[in-house]
S.K.: 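Just dropping this structure here.
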Amino acid sequence: MSEEAIRNIVILGGGTAGWMTAAALSAVLPRSYSVQLVESELIGTVGVGEGTIPQIHLFNKLLRLDEADFVRRTQGTFKLGVQFNDWRQLGDTYVHGFGPSLGPGLGLLPFHQYWIKARQAGKAKELGAYGLASAAAPQGKFMTSASDVPANSPLASISYAYHFDAGLYAGYLREYAEQRGVHRVEGIVREVRQHPSGDIHGVVLESGEVINGDLFIDCSGFRGLLIEETLKTGYVDYSRWLPCNRALAVPTENTGPPTPYTRASARRAGWQWRIPLQHRTGNGHVYCSDFISDDEATAVLLANLDGKPLQEPRPLRFLTGRRRKFWNKNVVAIGLSSGFLEPLEATSIYSIQSGIARLMALLPQTADYSVLAERYNSQMAFDFDRIRDFLILHYKATERTDAPFWNCCREMSIPTELQEVIDLFRDSGRFFRNGEEMFAEMSWVQVLIGQGVMPRGYHPLVNQLADQELWRFVDGVGETVARCVEAMPLHQAFIDRHCAAVPPHRMQAPARPELA
Ligand code: FAD
């Protein structure tokens, strides 16, 4: 088999991961490849996953999606970042905003170095006042980049992502993929057939139908039907650092205009998300079952909703971590089957995307793929481990002492690399991005400072600016950002103008019978 060209690709699973993979393959592969997707409506999908990060633009660009159409069809809204409430201390709030940078750097140094000195002297506002996204989000302002402003204006390069309805998103991508030749098969896989080498050659459905393939993409969700249940690949458990292991998700009616940010509010044994869409609001409580019962977690969620629940809260269980190998034999795991990092920074859809991009880059010609698989595995493991550390930071750097869960998080030991990042930053505000890790300096700096890791010192070159000059520089950045935010439209007005969706009840209304 190893000399034969890989032509038949089978995707197992039709959730977000399955249909994103199918859509990308259909956009990129020539028609000489066959792509089949097996899914079961009876099993269904996890159905959450509604927040994204700006990297999604790369995926949409690959598919050449029209943004307004995409937002309308998924009841989407725009996202400038995440607002974290009560994470450092009760009553505390900060925004992790997207963007190419906080204020502009000067010479060799990033903006935050100047801000540290100004802040220490009592001459600067909160860091969030100096980033366009972090300043605009709480004011409910949103627009995409303007082309009629100077290139150095913050309005010239606005970084943003989307919130969308996960079910509508999968449906939208399904339509895209099927139009481009992906063949969907409905049915439950009851048996997996392997070659003596362990490679999989087919899956058998309950109907008896056999779907054969050369390469299998396991998008079967948490269970990992191929990668784990069949190949016993093993799991790297992160739960000693990221102990939340359950979630309850519930949609509510909208109560006002959608915020252009996700809200992540810390609770006594976890945290609660709020994701505004055009037709409803997604909410969920992520918690650790060692510190709160399911009933109590439900009560906490329901007591903290802005609008009326549209259904009963749906429970989900998970173990944070990743597969030992993402590509094992001729199976590549993408999506929840590859691992799970809790949705605090909405990184799962990004991980699906990066899995697809890497698979494209390392697409094997024949079944002799071991070198390619090794590279794929080391890159994906690096991605997961670095995002893991970024998430741990949110928990570790808490100052809360009001609940056993937060005491545990504050006191836990953390991976050495993360400890080094915190120590270096606390010393003098330096940060160095580790290779191609997902989150850049701007993200780390906002979360470090937002969580209260305030540097004791700063880079000595900051002192090249006389104090008065430095205060003026920092003030000037703040004023520019404030002026830009002032000029931005409200998020709702932007949506109304460019991509207002049809309310679902109107889409589903049966056609009016013709009068005789
Ligand atoms: P699933 O949605 O579980 O799909 C699995 C598919 O496999 C289904 O189609 C199912 O029918 C099929 N299947 C399984 N077994 C069989 C079988 N035997 N035969 C046939 N078909 C089978 N991600 C983000 O990026 N942003 C977020 O804000 C976010 N929030 C989240 C909140 C929570 C609480 C959770 C748990 C996850 C969140 N995620 C988020 C992650 C996101 O939901 C997932 O990454 C995404 O939905 C992908 O899921 P999936 O397609 O891998 O799995």
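Both counts, for ligands and for their atoms, begin at 1 and track the order of listing.
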S.K.: Could you tell me whether Val46 and ligand 1 have an N or O pair separated by under 3.5 Å?
M.R.: yes

S.K.: Give the numbers and elements of all ligand 1 atoms closer than 4.0 Å to a heavy atom of Gly335.
M.R.: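 Numbered from 1, ligand 1 contributes 52 (O).
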
S.K.: I need the nearest protein heavy-atom contact for atom 31 (C) of ligand 1: residue, atom name and distance, please.
M.R.: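 Ranked first by proximity to atom 31 (C) of ligand 1 is Pro343 CB, 3.5 Å.
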
S.K.: Can you name the atoms of ligand 1, numbered from 1 with element, that are less than 4.0 Å from a heavy atom of Ala247?
M.R.: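 Result: 34 (C).
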
S.K.: So, do Thr259 and Gln83 sit near enough that their side-chain heavy atoms are less than 4.5 Å apart?
M.R.: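 Sidechains of Gln83 and Thr259: no contact.
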
S.K.: Please check whether Thr52 reaches ligand 1 - meaning an N/O of the residue sits under 3.5 Å from an N/O of the ligand, judged on distance alone.
M.R.: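 No, Thr52 has no N/O under 3.5 Å of an N/O on ligand 1.
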
S.K.: Considering the heavy atoms of Ala346, write down every atom of ligand 1 situated less than 4.0 Å from one of them.
M.R.: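 Near Ala346, the atoms of ligand 1 are 25 (O), 26 (N).
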
S.K.: Check ligand 1 against Gly14 and write out every atom of the ligand that is under 4.0 Å from a heavy-atom position of the residue.
M.R.: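 Checking each atom against Gly14, I get 6 (C), 8 (C), 9 (O).
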
S.K.: Which protein non-hydrogen atom lies closest to atom 12 (C) of ligand 1, naming both residue and atom, and how far is it?
M.R.: Gly13 CA, 3.7 Å

S.K.: Contact between Val48 and ligand 1, counting heavy atoms under 4.0 Å?
M.R.: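 So Val48 counts as touching ligand 1.
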
S.K.: With the side chain counted from C-beta on, respond yes when Pro251 and Gln311 share a heavy-atom pair under 4.5 Å apart, and no when they do not.
M.R.: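 Pro251 vs Gln311: side chains touch.
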
S.K.: Do Thr262 and His163 have a side chain donor and acceptor closer than 3.5 Å?
M.R.: yes

S.K.: Is Ile334 in polar range of ligand 1, meaning some N or O pair under 3.5 Å apart?
M.R.: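 In fact, backbone or side chain, Ile334 has no N or O that close.
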
S.K.: Pairs of nitrogen or oxygen atoms closer than 3.5 Å, one from Thr347 and one from ligand 1: do any exist?
M.R.: no

S.K.: Does some non-hydrogen atom of Tyr350 fall short of 4.0 Å from ligand 1?
M.R.: no

S.K.: Is Glu50 touching ligand 1 with its side chain, its backbone, both, or neither, if touching means heavy atoms under 4.0 Å apart?
M.R.: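 Only the backbone of Glu50 comes within reach of ligand 1.
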
S.K.: Are Asp218 and Arg323 ion-paired here, with the side-chain N under 4.0 Å from a carboxylate O?
M.R.: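 Salt bridge: no.
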
S.K.: Applying side chain to side chain donor-acceptor pair (under 3.5 Å), can you list everything that pairs with Asp402, at least two apart in sequence or on another chain?
M.R.: Arg400

S.K.: Can you tell me how far the CG atom of Leu359 sits from the CD1 atom of Ile9, to the nearest 0.5 Å?
M.R.: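 With rounding to 0.5 Å, CG (Leu359) is 7.0 Å from CD1 (Ile9).
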
S.K.: Less than 3.5 Å apart, any donor N or O on the side chain of Trp271 or Glu342 sitting next to an acceptor on the other?
M.R.: yes

S.K.: Does the ring of Phe431 carry Arg433 above it, NZ/CZ under 6.0 angstrom from centre and within 45° of its axis?
M.R.: no

S.K.: Looking at Arg386 and Glu345, does any basic side-chain N land under 4.0 Å from a carboxylate oxygen?
M.R.: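 Glu345 and Arg386: not salt-bridged.
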
S.K.: Does at least one non-hydrogen atom of Trp273 fall below 4.0 angstrom from an atom of ligand 1?
M.R.: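 For ligand 1, residue contact (heavy atoms, under 4.0 Å) with Trp273 is present.
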
S.K.: Minimum heavy-atom separation for Ile158 and Ser145, please, with both atom names.
M.R.: N-OG, 2.8 Å

S.K.: Report the member of Ser348, Gly339, Ala264 with the shortest heavy-atom distance to atom 23 (N) of ligand 1.
M.R.: Ser348

S.K.: Please indicate whether any nitrogen or oxygen in Ile188 is less than 3.5 Å from any nitrogen or oxygen in ligand 1.
M.R.: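 It does not: no N or O of Ile188 is found under 3.5 Å from an N or O of ligand 1.
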
S.K.: May I ask you to identify the nearest protein heavy atom to atom 8 (C) of ligand 1, giving residue, atom name and distance to one decimal place in Å?
M.R.: Gly44 O, 3.2 Å

S.K.: Could you identify the single nearest non-hydrogen protein atom to atom 15 (N) of ligand 1 and state the distance to 0.1 Å?
M.R.: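 Closest protein heavy atom to atom 15 (N) of ligand 1: Arg223 NH1, 3.1 Å.
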
S.K.: List the closest protein heavy-atom neighbour of atom 46 (C) of ligand 1: residue, atom name, distance to the nearest 0.1 Å.
M.R.: Thr16 CB, 3.8 Å

S.K.: Which is it for Asp496 and Gln492 under the side-chain hydrogen bond (donor to acceptor under 3.5 Å, both in side chains) test, yes or no, and what are the steps along the way?
M.R.: CA-CA 6 Å; Asp496 290 346; Gln492 181 70 67; 2.9 Å; yes

S.K.: Distance to 0.1 Å, residue and atom name: give those for the protein heavy atom nearest to atom 22 (C) of ligand 1.
M.R.: Ile43 CD1, 3.8 Å

S.K.: With a heavy-atom distance limit of 4.0 Å, tell me whether Thr262 approaches ligand 1 through its side chain, its backbone, both, or neither.
M.R.: neither

S.K.: I need the contact type for Cys219 against ligand 1. Using non-hydrogen atoms and a strict under-4.0 Å cut-off, is it side chain, backbone, both or neither?
M.R.: backbone

S.K.: Relative to the heavy atoms of Leu336, which atoms of ligand 1 are at a distance of less than 4.0 Å?
M.R.: 44 (C), 45 (O), 49 (O), 52 (O), 53 (O)

S.K.: Number the atoms of ligand 1 from 1 as they appear, then name those within less than 4.0 Å of a heavy atom of Gly187, with their elements.
M.R.: 19 (N), 20 (C)

S.K.: Got Ile392 and Met412 here, is their nearest side-chain heavy-atom distance under 4.5 Å?
M.R.: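 When only atoms from C-beta onward are counted, Met412 and Ile392 do touch, with a gap below 4.5 Å.
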
S.K.: Are Glu342 and ligand 1 in contact, using a heavy-atom cut-off of under 4.0 Å?
M.R.: no

S.K.: With a cutoff of 4.0 Å, is Ala249 in contact with ligand 1, counting heavy atoms of the residue only?
M.R.: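 False for this residue.
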
S.K.: Would you mind telling me which of Trp87, Trp241, Phe390 makes a ring-ring contact (aromatic ring centres under 6.0 Å, His included) with Tyr395?
M.R.: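 It is Trp87; the other options fail the test.
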
S.K.: Establish, from distance only, whether the side-chain atoms of Asn283 and Thr252 form a donor-acceptor pair under 3.5 Å.
M.R.: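 Thr252 and Asn283 do have a side-chain donor-acceptor pair below 3.5 Å.
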
S.K.: By side chain to side chain donor-acceptor pair (under 3.5 Å), which residues pair with Glu175, not counting sequence neighbours?
M.R.: Arg73

S.K.: Return yes if a side-chain donor-acceptor contact under 3.5 Å exists between Glu67 and Tyr162, otherwise no.
M.R.: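 Short answer, yes.
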
S.K.: Any atoms of ligand 1 less than 4.0 Å from a non-hydrogen atom of Gly51? List them with their elements.
M.R.: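 Those qualifying, in numeric order: 24 (C), 25 (O), 26 (N), 27 (C), 28 (O).
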
S.K.: Give, for atom CG of Asp165 and atom CD of Gln278, the distance between the pair rounded to the nearest 0.5 Å.
M.R.: 11.0 Å

S.K.: Any idea which atoms of ligand 1 are less than 4.0 Å away from a heavy-atom of Ala17?
M.R.: 48 (C), 50 (P), 51 (O), 52 (O)

S.K.: Got the closest protein heavy atom to atom 37 (C) of ligand 1, with its distance?
M.R.: Phe340 CE1, 3.4 Å

S.K.: Give me the nearest non-hydrogen protein atom to atom 40 (C) of ligand 1 as residue plus atom name, then the distance to 0.1 Å.
M.R.: Gly49 CA, 3.3 Å

